[in-house]
Amino acid sequence: MDFDLAPPNGVGPLRIGMTRHAANTALDSLRDPSAISESDRQGQHGFRPSGLMISIHCMRGMLEAIELGRPSSQTDRVLFQGVDVFALPAREAVRRVGELTSIEEDPDDDASFVAPDLLLSFWRPFAADDEPEEEQGYYFSSVLLARPGYYDTLAQAAERLQQSS
């Protein structure tokens with residue numbers, strides 16, 4: 001199954017801003033009832049047979065972020081405008097996403113990248129750009145799609161609020 005990242009709206013039936021109840025229902029719809037993982041946690045995250053992890057983050061009763069973890073097989077793909085974010089080496093994924101939108105290295109973690117205009121965040125535990133056999137560092141491990149302002153500091157949130165009024 002293909003999971004198309006559509007920031008800032010969501011992915012598949014999961015829509016940023018939906019109620020926690022609706023998000024739980026949407027997450028349940030993405031599970032394979034014939035292969036429920038023992039690691040699944042209703043209302044938090046689920047694992048598909050491919051190993052793809054889908055996690056929801058709710059605050060104040062609303063869905064604020066969706067995180068997808070790299071599958072172990074290609075039966076599920078996570079795409080951003082045609083770019084398979086988990087199948088490509090991390091640096092190639094950054095280059096291809098960078099052709100579509102602004103993407104920046106996280107100043108606190110050179111293995112992570114953020115597309116701030118879309119609020120897509122790409123993470124891997126460490127950078128191993130020249131070592132394909134070191135999968136955890138060569139490929140991204142997760143991608144997070146969130147509401148605008150999700151990573152804002154208090155000062156940034158105040159500035160965003162002032163700009164919108």
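Heavy atoms only: backbone and side chains are in, while hydrogens, waters and symmetry mates are out.
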Practice problem: Specify the closest pair of heavy atoms between Phe86 and Pro71, including all atoms of both residues, with the distance to one decimal. | Solution: CD1-CD, 3.6 Å
Quiz item: Is the shortest heavy-atom distance from the side chain of Leu30 to the side chain of Pro13 under 4.5 Å?
Solution: yes
Quiz item: Quick one: side chain to side chain donor-acceptor pair (under 3.5 Å) pairs with a partner in residues 110-120, sequence neighbours left out?
Solution: Asp109-Ser112
Quiz prompt | Cluster check Ile103, Val78: I/L/V/M/F/W/Y, side chain < 4.5 angstrom | solution = yes
Practice problem: To the nearest 0.5 Å, tell me how far Ile16 CD1 sits from Glu64 CD. | Solution: 8.0 Å
Quiz item: Is any side-chain heavy atom of Asn9 less than 4.5 Å from a side-chain heavy atom of Arg15?
Solution: yes
Self-check item: salt bridge (charged side-chain N to carboxylate O under 4.0 Å, His left out) involving Arg96 - partner list, sequence neighbours excluded
Solution: none
Practice problem: Name all pairs fulfilling the side chain to side chain donor-acceptor pair (under 3.5 Å) condition that reach into residues 78-94, sequence neighbours left out, sorted by first residue then second. | Solution: Arg91-Asp129, Glu92-Arg95
Practice problem: List in chain and number order the residues that pass side chain to side chain donor-acceptor pair (under 3.5 Å) with Asp2, two or more places apart in sequence or in another chain; answer none if no residue qualifies. | Solution: Arg77
Exercise. Starting from the C-alpha separation in whole Å, work towards a yes-or-no answer on side chain to side chain contact (heavy atoms under 4.5 Å, CB included) for Val83 and Glu99.
Key: CA-CA 11 Å; Val83 177; Glu99 292 172 354; over 6 Å; no
Exercise. Apply the side-chain contact (heavy atoms from CB on, under 4.5 Å) test between Ile54 and each candidate in Arg48, Gln44, His45; give the one that qualifies.
Key: Arg48
Quiz prompt | Closest non-hydrogen atom pair between Ala23 and Leu14, with its separation | solution = O-CD2, 3.6 Å
Quiz item: Can you name the side-chain contact (heavy atoms from CB on, under 4.5 Å) partners of Pro49, sequence neighbours left out?
Solution: Asp32, Ala35
Practice problem: Applying side chain to side chain donor-acceptor pair (under 3.5 Å), name anything that partners Ser55, two or more places apart in sequence or on another chain. | Solution: none
Quiz prompt | Thr101 side chain vs Val97 backbone, donor-acceptor pair below 3.5 Å | solution = no
Quiz prompt | Cluster overlap Ile56 with Met62, hydrophobic side-chain contacts below 4.5 Å | solution = no
Self-check item: Contacts of Glu135 that satisfy salt bridge (charged side-chain N to carboxylate O under 4.0 Å, His left out) - sequence neighbours left out
Solution: Arg70
Quiz item: Out of curiosity, does Leu52 fall in the hydrophobic cluster containing Val11 (side-chain heavy atoms, cut-off under 4.5 Å, transitive links)?
Solution: yes
Exercise. Could I get the full list of side-chain contact (heavy atoms from CB on, under 4.5 Å) partners for Ala93, not counting sequence neighbours?
Key: Leu88, Phe140
Exercise. Output yes when a side-chain donor or acceptor of Ser142 lies under 3.5 Å from a complementary backbone atom of Leu68, and no otherwise.
Key: no
Quiz item: Which residues pass the side-chain contact (heavy atoms from CB on, under 4.5 Å) test with Glu133, sequence neighbours left out?
Solution: Glu131
Practice problem: Please name the pair of heavy atoms, one in Pro116 and one in Ser102, separated by the smallest distance, quoted to 0.1 Å. | Solution: CD-O, 3.7 Å
Quiz item: Would Phe122 and Phe126 show up in the same hydrophobic cluster when neighbours are defined by side-chain heavy atoms closer than 4.5 Å?
Solution: no
Quiz item: Pro7: what forms a side-chain contact (heavy atoms from CB on, under 4.5 Å) with it, not counting sequence neighbours?
Solution: Leu5, Phe80, Leu118, Leu120, Leu145
Quiz item: Listed by chain and number, what are the ring pair (Phe, Tyr, Trp, His ring centres under 6.0 Å) partners of Phe3, not counting sequence neighbours?
Solution: none
Quiz item: Ignoring hydrogens and geometry, is there a side-chain-to-backbone donor-acceptor pair from Asp76 to Met1 under 3.5 Å?
Solution: yes
Self-check item: Nearest atoms (heavy-atom pairs only) where Gln136 meets Pro125
Solution: O-CD, 3.1 Å
Quiz item: Under 3.5 Å, is there a donor-acceptor pair between the side chain of Arg124 and the main chain of Ser141?
Solution: no
Practice problem: Kindly compute the distance separating OG1 (Thr19) from CG (Asn24), expressed to the nearest 0.5 Å. | Solution: 8.0 Å
Exercise. Please report the shortest heavy-atom distance between Arg20 and Met59, naming the atom on each side.
Key: NH2-N, 4.4 Å
Quiz item: Mind checking what makes side chain to side chain donor-acceptor pair (under 3.5 Å) contact with Thr75, not counting sequence neighbours?
Solution: Ser73
